[in-house]
Amino acid sequence: MLQERTHTCGELRATDAGEQVVLQGWVQALRDRGGVAFLVLRDRYGTVQITVDERSPEAVREAVKKLALEYVVQVKGEVVERYRPNEGMATGAIEVVASELELLSGTRPLPFTMSDEVDALEDTRLRYRFLDLRRPALQRNIILRHRAVAAVRSFLDEQRFLEIETPILTKATPEGARDYLVPSRVHPGQWYALPQSPQLFKQILMVAGMDRYFQVARCFRDEDLRADRQPEFTQIDIEMSFVTSDMVMTLAEGVVGAMWKESVGFDIGEVPRITFAEAIHRFGVDNPDMRFEMELSDLTSTLAASTFPPIANAIAHKGIVKTFVVKGAAGNTSRKVLDAWTKFVRNYGMGGLMWGKVSGGEMSGPAAKALPEGMAMADYLAAAGAADGDLLLLGAGEAGVVNTGMGRLRSHVAKELDLIPEGIFKFCWVTDFPAFEKDDDGRWTSMHHPFTSPKAEHMDWLGDDEKMGDILSDAYDLVCNGSEIGGGSIRIHREDVQQKVLAALGIGEAEAREKFGFLLDALAHGAPPHGGLAFGLDRCISILTGADSIRDVIAFPKTTSAQDRMVDAPNAVPLADLDVLKVKNTV
């Protein structure tokens, strides 16, 4: 018969010796020493050793023989101090001598063990997610996630924010990815969209005078997946009225500071700010990992007179030359490794990678051929920041391609050579992003979204095709350890400016009214200046836990093909159900 438990498996200590306790949990380990049986009982709070010996009734000694791993049992017994404490267990100073033992539930053969190190394929783990979530590593991740969110809620409540829910069934609006669509039974032929973010609704809340809003929001995007993407994900969404970008960033640092302090006891300290242009110049990418050095150097002007074809061709076509130096790596980097790195940068569109090994003030390798006639090698090396024993890696070509390729290679090399210190978190803000960029068809699009405010001094350039690429936005991203964990902007709060931005993006008045009419109406009725940002909660937790994939910090994630293996979703729907929705399945 089920009894009320008196303690969890992780809380008993030597001070509890002599107490009669009732415990419930899973059998994590089981040993029979011939007349003496030991089992380790586990719940999410920890583990405790149960001992069955001559002090236990005969019925208990017989019952323990029928147990197996992951059986669910109830134990009643006395807490006894152990003669030899187990320093590896939080409860290692005691054991519970069982006086009653009841099997509550058994199990079929297990597909994998409930340990931190598991050799099962991820597909198998996701199929049996209810077992995978029993593993201590995943339980620690989920518990840390809870604590992080609780810290955020507490901090924002202290800052007078209101937690407000926004609709899940809403209207499709262009936000950079495909929408998940839901057919309406009540309005045949019409569709809801699941929100890619609460962007428009949180702006509406500012117009409504709510002043400070936040939400732990579920968001949905139908896009190709990878380790840090899921079709449904969670944002910590924040919006504030009457604020500048400095005010939003300061508030955001408080949110992250609370999350990191409560979760892992880490003080984030002062967060440096760099512009988008500086990030690209120094690191090649807009999400720089600042835990290690190897910053990029621009050698375009230094090597402007080079006749080496890869360099000369790049410069002739208004390209750039970028390099970074791997300190002390000249003598232990093989040609095989260099070839692999060359293949790596080609994945980002680069034609190849030039390398040079520095020794005795000279350089060997393809990068040495880039030396212009009449230039001293010492000047070349000084410009690159290279010294004896260093390895120089050099890329040349179109600016966007070279910056991205060399920036990604920088992080790749650091990981391969174990140059990234463990247990630290390095944050930075990236600001002053370009407001617009051209897509593959040569049309202007928003780098963030069309509701981001351009810098006030650039407003007059809207619609001028010659100047659109020079317009900067009042936007900001927060980066941690090379991953963007949050981003936002000051929003457009005037209807005329919003209309002008939409027109500059080729969205005419009729289309603007159809897609964003409710927002435009709101902006026309006394909208305060406002701004905010959103944190990717799943990505934050994966960084905090050191998880390789956000799937390890989400209770029920999808696979890289957007499937839920445990429940077999998505699945076919009976034709009769589709008829009710006036939808036809053409597959």
Side-chain angles (χ1 to χ4, degrees), residues 25-28 42-44 68-72 105-146 148-149 168-169 177-183 192-197 216-235 483 536-578 581 583 585-587:
W26 287 261
V27 177
Q28 177 169 296
R42 182 196 73 244
D43 60 15
R44 78 171 175 89
L69 297 183
E70 295 305 305
Y71 277 24
V72 183
S105 177
T107 179
R108 296 176 185 174
L110 300 171
F112 49 82
T113 59
M114 305 300 107
S115 60
D116 281 354
E117 298 299 326
V118 60
D119 58 3
L121 296 175
E122 185 179 54
D123 192 74
T124 301
R125 290 175 46 212
L126 293 178
R127 171 70 180 85
Y128 294 94
R129 190 63 167 182
F130 46 84
L131 294 178
D132 199 29
L133 283 170
R134 287 188 202 168
R135 295 194 301 115
L138 263 66
Q139 293 210 342
R140 288 193 296 269
N141 290 352
I142 298 301
I143 291 168
L144 184 145
R145 181 184 179 112
H146 160 77
V149 173
I168 294 297
L169 295 175
R178 290 180 294 273
D179 289 310
Y180 279 102
L181 301 175
V182 180
Y192 297 104
L194 303 184
Q196 295 185 35
S197 78
V216 182
R218 298 295 284 170
C219 305
F220 308 85
R221 293 185 181 179
D222 184 6
E223 57 187 351
D224 295 333
L225 305 183
R226 59 183 185 223
D228 59 351
R229 281 184 182 170
Q230 283 279 292
E232 52 181 323
F233 56 97
T234 305
Q235 285 185 182
S483 291
L537 177 63
D538 308 308
R539 192 172 295 180
C540 287
I541 304 303
S542 67
I543 292 172
L544 282 164
T545 60
D548 293 329
S549 165
I550 62 171
R551 290 189 289 277
D552 283 339
V553 301
I554 299 171
F556 301 105
K558 304 291 189 292
T559 67
T560 52
S561 57
Q563 293 177 300
D564 187 326
R565 291 297 192 196
M566 188 179 73
V567 302
D568 288 331
N571 63 309
V573 175
L575 294 179
D577 292 348
L578 295 180
L581 296 169
V583 173
N585 192 343
T586 60
V587 177

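All values below were derived from every heavy atom in this structure, side-chain atoms included, with hydrogens, water molecules and symmetry-related copies excluded.
For Asn571, there are no side chain to side chain contact (heavy atoms under 4.5 Å, CB included) partners two or more places apart in sequence or in a different chain.
Expressed to the nearest 0.5 Å, how far CD1 of Ile168 lies from SG of Cys219 amounts to 7.5 Å. Rounded to the nearest 0.5 angstrom, Leu110 CG and Tyr128 OH are separated by 10.0 Å. To the nearest 0.5 Å, atom CD of residue Glu117 and atom CZ of residue Phe112 are 14.0 Å apart. Distance CZ/Arg42 to CG/Leu69: 9.5 Å, rounded to 0.5 Å. Rounding to the nearest 0.5 Å gives a distance of 11.0 Å between CD1 of Ile554 and CG of Leu138. If you take CD1 on Ile541 and CD1 on Ile550, they are separated by 11.5 Å, rounding to the nearest 0.5 Å.
The backbone N or O of Leu133 sits less than 3.5 Å from a side-chain atom of Gln139, completing a donor-acceptor pair. Counting only distance, with no hydrogens or angles, the side chain of Asp538 and the backbone of Thr234 share a donor-acceptor pair below 3.5 Å. Gln230 places no side-chain N or O within donor-acceptor distance of the main-chain N or O of Arg551, the cut-off being under 3.5 Å. Proximity of a side-chain donor or acceptor of Asp222 to a complementary backbone N or O of Tyr180 within less than 3.5 Å is not detected. Here the side chain of Asp564 pairs no donor or acceptor atom with the backbone of Ala569 at under 3.5 angstrom.
The two residues Ala68 and Val27 have their closest heavy-atom pair at O-CB, 3.7 Å. Contact detail for Val553 and Ile142: the closest heavy-atom pair is O-CD1, 3.9 Å. Heavy-atom minimum distance, Leu131 versus Pro111: CD1-CD, 3.5 Å. Among all heavy-atom pairs drawn from Gln196 and Phe233, the shortest one is O-CZ, 3.8 Å.
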Exercise for the section: Apply side-chain contact (heavy atoms from CB on, under 4.5 Å) to the pair Thr559 and Leu126, showing each step before the final yes or no. Expected result: CA-CA 8 Å; Thr559 67; Leu126 293 178; 3.7 Å; yes
Exercise for the section: Using the side-chain contact (heavy atoms from CB on, under 4.5 Å) rule, take Met114 and Gln28 through it: C-alpha gap first, then chi angles, then the decisive distance, then the call. Expected result: CA-CA 8 Å; Met114 305 300 107; Gln28 177 169 296; over 6 Å; no
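The salt bridge (Lys or Arg N to Asp or Glu O under 4.0 Å) test with Asp132 singles out one residue from Arg565, Arg127, Arg125, and that residue is Arg125.
Salt bridge absent: Glu70 and Arg108 never bring a charged side-chain N and a carboxylate O closer than 4.0 Å.
No more than 12 heavy atoms of other residues, nucleotides or ligands sit less than 6.0 Å from atom CG of Leu575. The number of heavy-atom neighbours closer than 6.0 Å to CG of Asp116, taken from other residues, nucleotides and ligands shown, is above 12.
Residues Val149 and Val216 have side chains in contact (heavy-atom distance under 4.5 Å, counting atoms from C-beta outward). Tyr71 has its side chain out of reach of Ser105: every pair of non-hydrogen atoms, C-beta onward, lies at least 4.5 Å apart.
Side-chain polar atoms of Ser115 and Arg135 form no donor-acceptor pair below 3.5 angstrom.
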